[in-house]
Structures are given as C-alpha cells and as structure tokens.
Number of protein chains: 2
Amino acid sequence: MTAHGEGVRDDDGAAGVPPGSQASPQEIGVPAARQRLRAIPEAAVARLAVYLRTLSGLGEQGVNTVSSEELATAAGVNSAKLRKDLSYLGSYGTRGVGYDVDVLVGQIEQSLGLTRRHSVAVVGIGNLGHALANYGGFPSRGFPVSALFDKDPDLIDIPVGGIPVSHLDDIVRVCTEREVTIGAIATPADGAQEVCDRLVEGGVACILNFAPVVLQVPEEVEVRKVDLAVEMQILSFHVARRTHDAEAVGASGRVDPDQVDAVPLNGARLDGEGMVVRP
Amino acid sequence: MTAHGEGVRDDDGAAGVPPGSQASPQEIGVPAARQRLRAIPEAAVARLAVYLRTLSGLGEQGVNTVSSEELATAAGVNSAKLRKDLSYLGSYGTRGVGYDVDVLVGQIEQSLGLTRRHSVAVVGIGNLGHALANYGGFPSRGFPVSALFDKDPDLIDIPVGGIPVSHLDDIVRVCTEREVTIGAIATPADGAQEVCDRLVEGGVACILNFAPVVLQVPEEVEVRKVDLAVEMQILSFHVARRTHDAEAVGASGRVDPDQVDAVPLNGARLDGEGMVVRP
DNA sequence: GGCTGTGAAGACCTTCACAGCC
DNA sequence: GGCTGTGAAGGTCTTCACAGCC
C-alpha cells in the first residue's frame, strides 16, 4: 500500500480527530489509552507494523537497544518520521540512549491490537488461497487461519494447511461458531460481493480483499484491498516516467515527445478473471 | 491502502516537483505530454488504474458515456476526486454530458504507460508464485509473464502456466534476453535481497516485492511492497479501535480501560518465513 | 555529546463550490 | 438543466530543527 501508497482507501473524512480532543490532552474519565488509540494516523499504523517486524528481527539477534536512526534505516524510513510515529504511542525512548527493543515491541503490539487473537477465514482456495492458508506469518503471530471456504465440491472437506475446506453456503454458520474476525477474499471477481455479504452476516468486521472489485459494505466494516493488477499498472506508470526522463537526459528536446501517443497495444480488457486459477 | 492504502511508499522527497516547474505552466521546448506525465500525483495514479478497470467493465456492457458521478460510485470514490484525477490527464469530458468511455480508457492507458508491453518475471514458484504465474489479469493486458525462477532443482524446466522455470543463477541472463521490465519477488525473506540485486543487474527497473523485507535498491529502481502480515496488522488495529468504540458506547466510562494492557499473547516472532510454502 | 520528543513549517491530497460550457 | 474542470480552502502527513533530557 505501499505506500506506497498505498493502497486505496476511502475514509471519507470520518478519520479526522476532533480538534478539541487533541488540544486538551487528557479529559477526566477518558483514559489516555483510548485517546492514543484513536489518534494514531492511518499512515503511521502501516509503518508501525513494519517497525514491529524489524524490531522482532533485532530482538532475535540479541539487540537490546536501538536508536531512531538505526531502526529507521532498517525499516526504510527517515528517522524523524520514525520518532514521530513512535511518539503516537507515548514516550518510551530514553534521550541520549535510544529505545529498548522489548518495550517497543510490547507497546506496538498493544497499539495494533495484537494482544488479542484474530481468527482468519480464507475464501477461495485457489493458488492464492493456498498461499494464504499456508502462510507461516499468520498463525505464528496471533492470526490463526481457522476456516477455509470454496464452492468447488471436489475441495470440500479436503484439508489445506491442516484445515478442511467448507462450502460457501456455510460461511455464516462457521464464521459465527469459530468467531472469525478477519476474512480474506481470494475468489474471482464475480463471486466476491456475495462472499463479502456472507462474511459480514457471519460477524466478520474486517476484510482483506484480493478480488478486483470494489466491495459494498456497511460502514462499520473495514475493507482493505490488495490489487495486483493495480500494483502492476502503478509500476508501469513509473517505467513510462523513467523512460521519459531518460530520453530527456539522453537527448534533451531531440526525441519525439509524443511517441507515447502510439496506438494502444490491443483491445483486451483486464478486469475479468480474479486471482483464483486452478491448473 | 486506501488513504490507508496506501501502501507503504518511501519516495524520500525526490518525488516532489520543483516549485518552479509547476508555476510556469509550459516552458518552451518541454512538451505538455511530459509535463502531464510527471505531474500526476502518486495517489491519483493508483486510482486511475481502478477507474480503468471500472471503465473496461462498463465498455463491455455496451455503455458509451459515463458521468463523473456514475463512474465515481462504481469505483468507490467521490465524484470531485474523480474529476480532479481525470483532469490530470487533460480535458476529455464533455460538460453537460460526461465522458466517452473509449476515449477515457485510451487516455488512462496512455498515461499509465500501458501502450507498451511489460514483460514480467516471477521469482519464487511456491503457492504465491503459482498464483502470479497463472494470474489471468496480467497477460490479457500488456503484462505477459515471460520468465519464472526458483532455486529448487525439482522445479527447474517444469512449465508453470506454459513457461518453464529457470534457476536463480540465470536471472541476469534470462531477464536481459527477454527484456524483462518488472520483477515480482515471491521468495522467502532471506533470499529476497539477493534476488533483487540480480534482477536489477538484469536490467529490471521495477520490482513488486511480496517478501517481508525492506529491499535496498539503487534510486532509479522503483519498488512496491505488498506485505500480507502488515495488512493483517492494520486490520487488527481497526478491530481494536472498533472494540474500544463499542465499549465506550455500551457503557461509557465503566469498562476497564486498560484491559488492553493484558500480557502479550505469546513470544512468537512474525518476520521469518516469507510467502513461499510448498505443501 | 548524543538522542528523543515535538512544535512549526511545508508538501501533499482531498473536498468544496462555482464558473464555464453544452 | 446538467455536468465538467478547477481555483481556493481545508485536512492530513512529512520534514525540519531544536529544546530538553540523559
């Protein structure tokens, strides 16, 4: 989302913190923890997850203390941004010294809500669904995949990554039973909205959508979209920009500037197929 | 993504357009096309790709003309933003009428550099690599996957999606020969940097990185990162925020505000394994 | 001396609201 | 009347730069 963007969100302004709450640091009766939680900017949240991984790596290497400069370099951001991000959590550094790795890991985990387990359901057991079901990073850190769904009868009851696949018709029941909080949609585009509706009906509040569609959801449901075609096209844009730059440098003013206006490659359309392709 | 989405980018300020170039609309000798290309904000580029898909869908349904309101709804943004985004391309709408679907498709394709083919290499042929190699959305729209790599001897020369897998050692040669412009890294974290270095050596200018590492690249290389663990953690944050809100509404001030401070779930670390897991 | 935490400044993005055109 | 294109206003995020603490 990378930044990168990142990603394509649509907060619709609701994310804005009321001016008052930031001006008066701590009203009586309203705990600082909650204030803090709401105050962390979206962009910072994404980076905190990256810092967390970097810190975990450092911790395993036996590093106890890290400066903002070191951590920033390792995480690929600049140090001012890192310090600002960490300041949203509170003041857990020591001036002249740096941050204690374990303390910081604990604080970030708490802020991201990682002190709670989040059962994950994966819908669409194609290649991508397999990749998600087997992804080692999830279960090892509080994201156990606890339900799988597909509509293909041949897949039902076959275990993938240790969990048997259920039918799409059972989404509501199974998600409710297993208290699924996060749903990953890895189906083709045409089934995605219906799958999404069932997940929501089954009590799933957060959805990670790999299908190339814009999902319609009630406003209390959070959707994040991972769209590979979009990522490729963004990269394509940068190739084009670079090419222009190179031309400009190589022979400034000489090269036909409008060569880009050449006829389109072909009339094929991209939208269609979604991610799930079974060999 | 999403204002969230954003994805995690790291332009490091270099993307900032020098104040002068925007003030003076069109210097002599510098064609408008290039000015436009550089001027499109990153955030708008990501959305243009979404509009493109939406428009393609409309085109297939036989729709010839669309208003900003209609297209915005279908793409999940508000109409002012959409019009602003489209205005970066030039003025291709008709007041009182709307936009011609085909014209708009053509203009967006041109701006995103989709009038040129981009050969794609996929490195790491695990579940995710398979998903990428078979992804229908790529070849159908100017992103032919033309090279696959893995280090597992058992996979070498086996065709996946019609293309035989090559060894990591051949990345430089094969990418050069096949003029690969985009590389997708779907390896575990520990091999990713080396793979990246070889891709760059093989002339690849844009990299889509699925491995949970921050890649070091020369500044002329563009990297976009897709990090599933980070996406999950961002969703986790929103679950936590929602839970807090619900408590605040349900029994304002009564519920123990620091229940979040409970001990961390376990000491497991997330970083490690990367995406590629073979059953 | 070294490093954190943070106001203030600046860049960037979104939204508003309306002039201009069909 | 309807809709686009766009200055201007308003937010949000990033960067700067330095006070404050060890």
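As the structure is a computational prediction, the values presented were derived from the model and not from experiment. Numbers restart at 1 for each chain; the letters A, B, ... are given by sequence-line order, proteins then strands.
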Which residues share a side chain to side chain contact (heavy atoms under 4.5 Å, CB included) with [X], sequence neighbours left out:
{"X": "Asp100(B)", "answer": "Asp102(B), Val103(B)"}
{"X": "Thr54(A)", "answer": "Val50(A), Leu71(A), Ala74(A), Ala75(A)"}
{"X": "Ala192(B)", "answer": "Ile185(B), Thr187(B), Ala211(B), Val213(B), Leu215(B)"}

[X]: which residues meet the side chain to side chain donor-acceptor pair (under 3.5 Å) condition with it, sequence neighbours left out?
{"X": "Glu69(A)", "value": "Ser79(A)"}
{"X": "Asp85(A)", "value": "Arg47(A), Tyr51(A)"}
{"X": "Asn64(B)", "value": "none"}

Which dot-bracket notation, 5' to 3', represents the base pairing of DNA chain D when pairs are defined as Watson-Crick or G-U with both distances under 3.5 Å, crossing pairs as [ ], and inter-strand pairs as |?
||||||||||||||||||||||
Whole Å only: how far is the [atom1] atom of [X] from the [atom2] atom of [N]?
{"X": "Leu82(B)", "N": "dC16(C)", "atom1": "CG", "atom2": "C1'", "value": "16 Å"}
{"X": "Leu104(B)", "N": "dG5(D)", "atom1": "CG", "atom2": "C1'", "value": "14 Å"}
{"X": "Arg47(A)", "N": "dT15(D)", "atom1": "CZ", "atom2": "C1'", "value": "12 Å"}
{"X": "Lys84(A)", "N": "dC18(D)", "atom1": "NZ", "atom2": "P", "value": "15 Å"}
{"X": "Lys81(B)", "N": "dT6(D)", "atom1": "NZ", "atom2": "C1'", "value": "17 Å"}
{"X": "Asp85(A)", "N": "dC13(D)", "atom1": "CG", "atom2": "P", "value": "10 Å"}
{"X": "Glu42(A)", "N": "dG11(D)", "atom1": "CD", "atom2": "P", "value": "19 Å"}

Side-chain N or O of Asn78(B) closer than 4.0 Å to phosphate OP1/OP2 of dT14(C)
no
Using a cutoff of under 3.5 Å, can you pull out all pairs of nitrogen or oxygen atoms linking the protein to nucleotides 1-4 of chain C, with atom names and distances?
unit_1	atom_1	unit_2	atom_2	d
dG2(C)	N2	Gly96(A)	N	3.2
dC3(C)	O4'	Gly96(A)	N	3.2
dC3(C)	O2	Gly96(A)	N	3.4
dT4(C)	OP1	Ser68(A)	N	2.6
dT4(C)	OP2	Ser68(A)	OG	2.5
dT4(C)	O2	Arg95(A)	NH1	3.1

Inspect the surroundings of CD in Glu220(B) and state if more than 12 heavy atoms from other residues, nucleotides or ligands are less than 6.0 Å away.
yes
Any donor and acceptor pair, going by atom type alone, linking the side chain of Glu109(B) with main-chain N or O of Gly106(B) inside 3.5 Å?
no
So Arg224(A) and Glu42(A), salt bridge (charged side-chain N to carboxylate O under 4.0 Å, His left out) or not? Walk me through it.
CA-CA 12 Å; Arg224(A) 290 190 65 84; Glu42(A) 191 67 31; 3.7 Å; yes
